[in-house]
Number of protein chains: 2
Amino acid sequence: MDKQLATTIFESLASGIRLDVFRLLVKHAPTGLVAGEIATLLVLPPTNLSFHLKAMTHAGLVSVTQEGRYQRYRANLTVMQALIDYLTAECCTGSPEHCFDADKATSCRDTN
Amino acid sequence: MDKQLATTIFESLASGIRLDVFRLLVKHAPTGLVAGEIATLLVLPPTNLSFHLKAMTHAGLVSVTQEGRYQRYRANLTVMQALIDYLTAECCTGSPEHCFDADKATSCRDTN
DNA sequence: TCAATAATACAACAATTATTGAAATATGAA
DNA sequence: TTCATATTTCAATAATTGTTGTATTATTGA
């Protein structure tokens, strides 16, 4: 995970709509949802949802597969895990003791 | 950590400059740096840095204390940890097995 | 007190991102 | 083939965010 990718993912999460979409997809993992279902559940105009899904797909936060005329979106949980690892590494650098308690410090060291 | 706060923090991290500032402050934890040092190290006009520091302070990602005519900024590591916990919870919901390997799954369950 | 320094606030402008409706593309069903 | 449905693309516009120079506030040291 480099800085450029991290920034792109943070941009993806820095919108209430996109955060809602992601959480919805996590809730429906690993099945995912097709675009229309997301639009209905979140009460969004299809064009607007499409705009946000495109950004999230570009960031790698979600992946999409075609099912006939539907597009099924899934949360990309490994990317989220990589982001958490990146943040953990950022957070640990210099002063792990200020960020983690004892039992968590082990996994913290693992990421560096 | 509610959605609103998470979004605000993600906004804070969704800029190369602000991410640089945060990483720099983590590197200099727990001492922190005064604004002028940050501006010099990152080669930024003071007004621009001030703009970004204000956003980060508002998000709670950094804290600031006055030292005479200097303003010392420090990374707020507990907020970063809370963000990591939030993401972990988001990521785990519904399908921890797709996100974590066995030994990490323990701390995953802890956050729910 | 006065001059110099540190930092922020303000204002103007540039650049980016978000939203919406209409049109286009593509698939499935009649 | 023709119609209806699902989704995206495009274009116009709205809204937000970022950058810069100047002015202001506050503090230190002479």
Side-chain angles (χ1 to χ4, degrees), chain A residues 3-25 28 31-76, chain B residues 3-25 28 31-76:
Chain A
K3 191 184 103 179
Q4 173 59 55
L5 176 56
T7 303
T8 304
I9 296 175
F10 287 134
E11 270 168 25
S12 255
L13 296 169
S15 139
I17 289 180
R18 290 192 295 265
L19 193 52
D20 284 343
V21 169
F22 184 75
R23 297 201 301 174
L24 189 63
L25 289 176
H28 287 83
T31 314
L33 293 169
V34 300
E37 291 172 327
I38 302 172
T40 301
L41 287 169
L42 299 181
V43 194
L44 290 171
T47 46
N48 192 16
L49 175 63
S50 197
F51 169 82
H52 290 295
L53 283 173
K54 190 179 173 186
M56 297 175 77
T57 304
H58 178 249
L61 212 49
V62 304
S63 54
V64 57
T65 55
Q66 185 162 356
E67 282 185 7
R69 56 181 152 173
Y70 301 90
Q71 299 287 111
R72 180 167 297 274
Y73 286 89
R74 292 185 177 83
N76 210 333
Chain B
K3 189 185 106 180
Q4 174 59 55
L5 176 57
T7 304
T8 305
I9 296 175
F10 287 134
E11 269 167 26
S12 255
L13 297 169
S15 139
I17 288 180
R18 290 191 295 266
L19 194 52
D20 283 343
V21 169
F22 184 76
R23 297 200 301 174
L24 189 63
L25 289 176
H28 287 83
T31 314
L33 294 169
V34 300
E37 291 172 328
I38 302 172
T40 301
L41 287 168
L42 299 181
V43 194
L44 291 171
T47 47
N48 191 17
L49 175 63
S50 198
F51 168 82
H52 290 294
L53 283 173
K54 190 180 173 185
M56 298 174 78
T57 304
H58 179 249
L61 212 49
V62 304
S63 54
V64 57
T65 54
Q66 185 162 357
E67 282 184 9
R69 57 181 150 173
Y70 301 90
Q71 302 288 332
R72 180 166 297 272
Y73 286 89
R74 292 184 178 85
N76 210 332

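Numbers restart at 1 for each chain; the letters A, B, ... are given by sequence-line order, proteins then strands.
Here D:dT9 is the nucleotide among D:dT9, C:dA6, D:dA6 with the atom lying nearest to any side-chain atom of A:S50. Distances were taken from every side-chain heavy atom of A:Y73 (C-beta onward) to each of D:dT8, C:dA9, C:dA7; the shortest belongs to D:dT8. Checking C:dT8, C:dT19, C:dA26 against the side-chain heavy atoms of A:Q66 singles out C:dA26 as nearest. Picking from C:dA18, D:dT17, C:dA26 the nucleotide with the shortest atom distance to the side chain of B:F51 gives D:dT17.
Put simply, CZ on A:R72 is 16 Å from C1' on C:dT27, counting in whole angstrom units. Atom CE of B:M56 is separated from atom P of D:dG18 by 12 Å (rounded to the nearest Å). Look at NZ on B:K54: it is 13 Å from C1' on C:dA7, rounded to the nearest Å. A straight line from CG of A:L44 to P of C:dT20 spans 9 Å, rounded to a whole angstrom. Atom CD1 in A:I38 sits roughly 9 Å away from atom P in D:dT7 (whole-Å rounding). Following rounding to the nearest Å, A:L42 (CG) and D:dT7 (P) show an atom-to-atom distance of 13 Å. Between the P atom of D:dT8 and the CG atom of A:N48 lies a distance of 12 Å, rounded to the nearest Å. Rounded to whole angstrom, the span from the CG atom of B:L49 across to the P atom of C:dA7 amounts to 9 Å.
For the atom pair CZ (A:F10) and OG (B:S15), the distance works out to 11.5 Å, reported to the nearest 0.5 Å. To the nearest 0.5 Å, atoms CG (A:L25) and OH (A:Y73) are separated by 10.0 Å.
Residue-level contact check: B:P45 touches the backbone only, with heavy atoms under 4.0 Å from sugar-phosphate atoms and none from bases. A:Y70 comes within 4.0 angstrom of sugar-phosphate atoms only, judged by non-hydrogen atoms across all strands, and of no base. Within 4.0 Å (heavy atoms only), A:E67 reaches no atom of the nucleic acid at all.
With the nearest nucleotide of DNA chain D identified for both B:A55 and B:T47, B:A55 has the one nearer the 5' end.
Side chains of B:L19 and A:K3 form a contact here, defined as non-hydrogen atoms less than 4.5 Å apart. A heavy-atom distance below 4.5 Å is not found between the side chains of A:D20 and A:L24.
With sequence neighbours left out, the salt bridge (charged side-chain N to carboxylate O under 4.0 Å, His left out) criterion links B:R69 to no other residue. Residues that satisfy the side chain to side chain contact (heavy atoms under 4.5 Å, CB included) test with A:P46, not counting sequence neighbours, are absent from this structure.
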Side-chain atoms of residues 53-64 of chain B: list all donor-acceptor pairs with protein atoms under 3.5 Å, sequence neighbours left out, distances to 0.1 Å.
from	atom 1	to	atom 2	distance (Å)
B:T57	OG1	B:L53	O	2.7

Name every donor-acceptor pair, under 3.5 Å, that has one atom in a side chain of residues 37-44 of chain A and the other anywhere in the protein, sequence neighbours excluded.
from	atom 1	to	atom 2	distance (Å)
A:E37	OE1	A:V34	N	3.0
A:T40	OG1	A:G36	O	2.9

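Inspection of the B:Q4 and B:T8 side chains reveals an N or O donor paired with an N or O acceptor under 3.5 Å.
With hydrogens and angles left out, the side chain of B:R69 and the base of C:dT5 share a donor-acceptor pair within 3.5 Å.
End-to-end axis angle for the helix from C:dT1-D:dA30 to C:dA30-D:dT1, using five pairs per end and rounding to 10°, comes out at 20°.
Applying the 4.0 Å criterion to OP1 and OP2 of D:dT19, one finds that B:H52 has a side-chain N or O inside that range.
For the pair B:R74 (side chain) and B:T65 (backbone), a donor-acceptor distance under 3.5 Å is absent.
Near DNA chain C, meaning a heavy atom under 4.0 Å away, there are no residues from residues 9-21 of chain B.
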